[in-house]
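Chain naming here is simple, since letters A, B, ... match the order of the sequence lines and numbering starts at 1 in each.
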Number of protein chains: 2
Amino acid sequence: MSTKKSIYKPGPIRGFPEWLPEERLVEQRWFDHIRRVFESYGYCNIETPSVEELDVLTAKGEVDKEIYVIERLHKDEGDKSEARLALHFDQTVPMARYVAMRFNDLVFPFKRYQMQRVWRGERPQMGRMREFYQCDIDIINVDNLPLSFDAEVASVMYEVLEGLNIGKVQVKISNRKILSGLMEIAGIDDETQKNKIFRVIDKIDKVSPSILEEELKNNIKNQTAYSYVQYYLDKAKSLKALASNQHLTQQADYIENLIGDKEFFNNQTFRLGVQEICTVLKSLDNGQILYPEHAFVVDLSIVRGLDYYTGTVYETQLLDVPEFTGSVCSGGRYDDLAGSYINKHLPGVGISLGFSRLFDVIRQTRPDLLGIGPKGPADVLMTVPENESDRPLAYEAARILRKQGVKVEMYHAPKKIGDQLKYAAKKNLPYVWFVRDGKHEVKNLATQAQEAADPNTWRG
Amino acid sequence: MSTKKSIYKPGPIRGFPEWLPEERLVEQRWFDHIRRVFESYGYCNIETPSVEELDVLTAKGEVDKEIYVIERLHKDEGDKSEARLALHFDQTVPMARYVAMRFNDLVFPFKRYQMQRVWRGERPQMGRMREFYQCDIDIINVDNLPLSFDAEVASVMYEVLEGLNIGKVQVKISNRKILSGLMEIAGIDDETQKNKIFRVIDKIDKVSPSILEEELKNNIKNQTAYSYVQYYLDKAKSLKALASNQHLTQQADYIENLIGDKEFFNNQTFRLGVQEICTVLKSLDNGQILYPEHAFVVDLSIVRGLDYYTGTVYETQLLDVPEFTGSVCSGGRYDDLAGSYINKHLPGVGISLGFSRLFDVIRQTRPDLLGIGPKGPADVLMTVPENESDRPLAYEAARILRKQGVKVEMYHAPKKIGDQLKYAAKKNLPYVWFVRDGKHEVKNLATQAQEAADPNTWRG
């Protein structure tokens, strides 16, 4: 059958990850776990199209996200009348558009999770991809959104990460209003100006202290404001030290004591910020001691770089995987993200897990944590009996086992049993089933133990 | 909080479907079912990137698929050195590329399923989308692929569709080699010429008999070939009538008797075609009577329009949903799809379910079959007790229930119980849980029955 062929060897496309079947099985296990946790708290799922109108995606000025536009290879005249489309770069903008568009069909507070691919045309590098999955939860409500949700999303994400068995996880919590209030006291009321400062401080873990210092100097011309930022960062440091390994209520108490200066509390924003973070901390376990001490920690140096956050902000660190730098899971509260599409006030809070980056960094640096197993989902390889009269029994056994939820791959040809066993071993499947002279036996490939079995009752 | 805002109202994007949460819940249930069936036969999952190199997608000359290319909004010089990328229009070409690229890491026969979005820039209309899910299974092997797989993929897809509870399902089976052999006897050996004839016959259910007739005349200049096609279509019709409501073995017998003329059997392709389809029919239930008589039927008028099919071909019809026109699930055997990327002979067989089209047509025309229920996944709404001292018990009950797999949405504020009940009713959740004076009660919202319950043992 082999004729001369012209071979074109396509290579991997940089930044667009693709896994082997055994890796994908672990990825599916992770997704299943995450979905189970989200749903166990009542979050409903939505999926939005891969594309939005380009005008929607660029409305917030997020052009630095390196948007991909799509275009038909064979355009025709009609296309010109249609809006230009682009692949979404996150799930927050699409969710906001979804909520506004379907406002009358949704029940509020609207609790949703979303697990889709997003696209960013960045330079690919380790853990930075052009196509990747995000797993997000958000709650959006009309007019007011209780702070209990700021606690809920943090605890849900903690449970998600903790259940992936990749070591200790720490969710860091902060509130933008505290620094925002200090800036107001120093005379900076302008949101754009404040956001610029947040964006500089957001680099705190990515740049050296001297570079941070320089950038702060360049961006804060107001001397009082500059000294308040220094004061704030100092206090953030001491608080972090104090707060580590303390229970949540204790951490809340530290904040009020530390951040100090009673006069600051005359500023409403500052006061609200302190109150909010204390409420969130105390709501996390509702006075019970549910979490290990490392689980949640106040870290005021966290402010996030996105303009739309207005209160609580989160980052998350893997304490036992230093190979993973930065935050695996981030988010915060926003005042009115969907409000640009509808004449309603729609505050929300959410947190987003950069799934593919996490999976890929663990896969490359700590494969031991993935627990890669078989190359297929089957529990059992059903062998084709050498004796033809046994074959109907084997087909029947496969059918009975499947009905009971056992995954059974039927071998495809009446080859020697040794060859069939080799196939099962190559795929790393757990069990092999034999029918011989009307009798059923099953072999555990890990222990090599083989024993009689009844397809009606066997469970593996 | 309401200030003057500039509102931009984005509308739906034609051809890019998006569902409400309660619709998405049903879609998830469908996906879960399909995945469970695929995995119960040992098919492993893979996902390929949304994009391929444009050259890979257009290699088979499939430009009529209306490919979408992607491009960074802000290109830079480096981009010119990279290959042009386009969204995949099916999962077959990406799978073939995957198998060739990862040949040494895979175990053969390679049985995989894939459930991803694909994109086609066609004019959107009812059931024809620009972005939609496909659910595919394929098996690829080196050099030879047993015909048992042609039977397996058909029976797996039958089980998938039958389990969606959308009425009776019929898989129609044919084999291209039979007509191909007749064409060879008439002197047409050229594959391109044969494929042209297949593409015309593929329109049999879409155009009137007179148009079909005319197109056949225009495309088959060879008079013997033309009369053989007429003969073939006549026989196909009689066979279809005979075969309906017959057991599989009986159907296989009809073929040999009917397609007739012993001299045809001197042609190897013709002979192989008849043998193959008989083998596939008989393998479907391995001599047992597993399926209702309508489940599988020989229909030689089915030839499929894609050039790469070389033997068995399938289409699938919903017998109880006339609103769904055409085939919901199609496929066939191909000789060497991955072979253009690697110097191996890699035959395969597969079948593809046009998931989103099916879901959307049922949703629009037969919503009764979807069984749309709650607007969220929660089994239970846990109310916040009016009495503050009961609240820790409610939080604890939610936690205990979740641990046992019950999905519990915690209400978000200590509002009046009536308001909390209204929220559960609006979301159409099945149960509401109350804690009062330390006692637990649960209410079934469908029956309105309320009774004492223990979070440690309650299962709904």
Report summary line: Okay, B/Tyr395 and chain A: the region with an atom under 4.5 Å from a heavy atom over there is side chain
**Report entry** Contact origin within A/Leu145 toward chain B - heavy atom pairs under 4.5 Å
**Finding:** neither
Query raised in the report: Do B/Pro392 and A/Asn286 touch side chain to side chain, with heavy atoms closer than 4.5 Å?
Result: no
Query - Part of B/Leu25 lying under 4.5 Å from any heavy atom of chain A - result: neither
**Report entry** Most chain A-contacting option - heavy-atom pairs closer than 4.5 Å, from B/Gly405, B/Ala86, B/Gly376, B/Pro12
**Finding:** B/Pro12
Report summary line: When rounded to the nearest 0.5 Å, the distance separating NZ of A/Lys403 from OG of B/Ser40 is 11.5 Å
Requested in this report: With a 4.5 angstrom heavy-atom cut-off, could you sort out which part of A/Phe132 is near chain B: side chain, backbone, both or neither?
Outcome: neither
Query - Spacing of CD belonging to A/Glu39 relative to CD belonging to B/Gln28, to within rounding of 0.5 Å - result: 5.5 Å
Requested in this report: Would you mind telling me which of B/Glu409, B/Glu53, B/Lys427, B/Met382 has the largest number of heavy-atom pairs within less than 4.5 Å of chain A?
Outcome: B/Glu409
Query raised in the report: Is any side-chain heavy atom of B/Arg112 closer than 4.5 Å to a side-chain heavy atom of A/Pro21?
Result: no
Requested in this report: Examine whether an atom of B/Tyr43 lies under 4.5 Å from a heavy atom of chain A, and if so say whether it belongs to the side chain, the backbone or both; otherwise answer neither.
Outcome: backbone
Report summary line: Under 4.5 Å to a heavy atom of chain A? For B/Leu87 that would be side chain
Query raised in the report: Top residue by heavy-atom pair count (under 4.5 Å) with chain A, among B/Ala378, B/Ala398, B/Pro377?
Result: B/Pro377
Query raised in the report: When you look at A/Val51 and B/Arg130, which way does the side-chain contact (heavy atoms from CB on, under 4.5 Å) test go after all the steps?
Result: CA-CA 11 Å; A/Val51 299; B/Arg130 292 183 155 188; over 6 Å; no
**Report entry** Stepwise salt bridge (Lys or Arg N to Asp or Glu O under 4.0 Å) check, A/Glu159 with B/Arg402
**Finding:** CA-CA 12 Å; A/Glu159 192 174 326; B/Arg402 281 187 198 117; over 6 Å; no
Query raised in the report: Is the closest side-chain heavy-atom distance between A/Leu85 and B/Phe16 below 4.5 Å?
Result: yes
Query raised in the report: Among B/Glu23, B/Lys111, B/Arg14, B/Glu396, who wins on heavy-atom pairs under 4.5 Å with chain A?
Result: B/Lys111
Query raised in the report: Between A/Arg117, A/Met101, A/Lys426, A/Arg97, which residue shows the highest count of heavy-atom pairs closer than 4.5 Å to chain B?
Result: A/Arg117
**Report entry** Which atoms of A/Arg391 approach chain B - backbone, side chain, both or neither, heavy atom under 4.5 Å
**Finding:** neither
Query raised in the report: Can you name the nearest heavy-atom pair linking B/Pro10 to A/Val56, along with the distance?
Result: CB-CG2, 3.9 Å
Report task. Kindly say whether B/Ser50 contributes a backbone atom to a donor-acceptor pair with the side chain of A/Glu131 at under 3.5 angstrom? Result -> yes
Query - With sequence neighbours excluded, residues passing side chain to side chain donor-acceptor pair (under 3.5 Å) with A/Arg102 - result: B/Glu18
Requested in this report: Please name the pair of heavy atoms, one in A/Phe108 and one in B/Tyr423, separated by the smallest distance, quoted to 0.1 Å.
Outcome: O-CE1, 3.7 Å
Query raised in the report: Is it the side chain or the backbone of A/Ser148 that comes within 4.5 Å of chain B heavy atoms, both, or neither?
Result: side chain
Report summary line: Rounded to the nearest 0.5 Å, the NZ atom of A/Lys375 sits from the CG atom of B/Asp105 at a distance of 6.5 Å
Report summary line: Value for CZ (A/Arg72) from CD1 (B/Ile67), rounded to nearest 0.5 Å, stands at 12.0 Å
Report summary line: Under 4.5 Å to a heavy atom of chain B? For A/Leu429 that would be neither
**Report entry** Heavy-atom pair of closest approach, residues A/Trp19 and B/Tyr98
**Finding:** O-OH, 2.7 Å
Query raised in the report: If every non-hydrogen atom of B/Ile7 is compared with every non-hydrogen atom of A/Asn343, which pair is closest and at what distance?
Result: CD1-N, 3.8 Å
Query - Interchain contact, A/Val107 with chain B, by part (heavy-atom threshold 4.5 Å) - result: side chain
Query raised in the report: Among B/Pro109, B/Pro146, B/Pro17, which has the most heavy-atom pairs under 4.5 Å with chain A?
Result: B/Pro109
Query raised in the report: What part of A/Asp32 lies closer than 4.5 angstrom to a heavy atom of chain B: side chain, backbone, both or neither?
Result: side chain
Report summary line: Honestly, the part of A/Gln116 sitting under 4.5 Å from a heavy atom of chain B is side chain
Query raised in the report: Quick one: what part of B/Tyr411 sits under 4.5 Å from any heavy atom of chain A, side chain, backbone, both or neither?
Result: neither
Query raised in the report: Between A/Leu401 and chain B, which part of the residue has a heavy atom less than 4.5 Å away: side chain, backbone, both or neither?
Result: neither
Requested in this report: Decide if atom CZ of A/Arg24 counts as having more than 12 heavy atoms of other residues, nucleotides or ligands within a radius under 6.0 Å.
Outcome: yes
Report summary line: Nearest heavy-atom approach of B/Met410 to A/Glu152 is CB-OE1, 4.4 Å
**Report entry** Max heavy-atom pair count under 4.5 Å with chain A, selected residue of B/His412, B/Arg36, B/Lys9
**Finding:** B/His412
**Report entry** Side chain / backbone / both / neither for A/Val380 at chain B, heavy atoms under 4.5 Å
**Finding:** neither
Requested in this report: Answer with side chain, backbone, both or neither: which region of B/Ile139 has an atom nearer than 4.5 Å to a non-hydrogen atom of chain A?
Outcome: neither
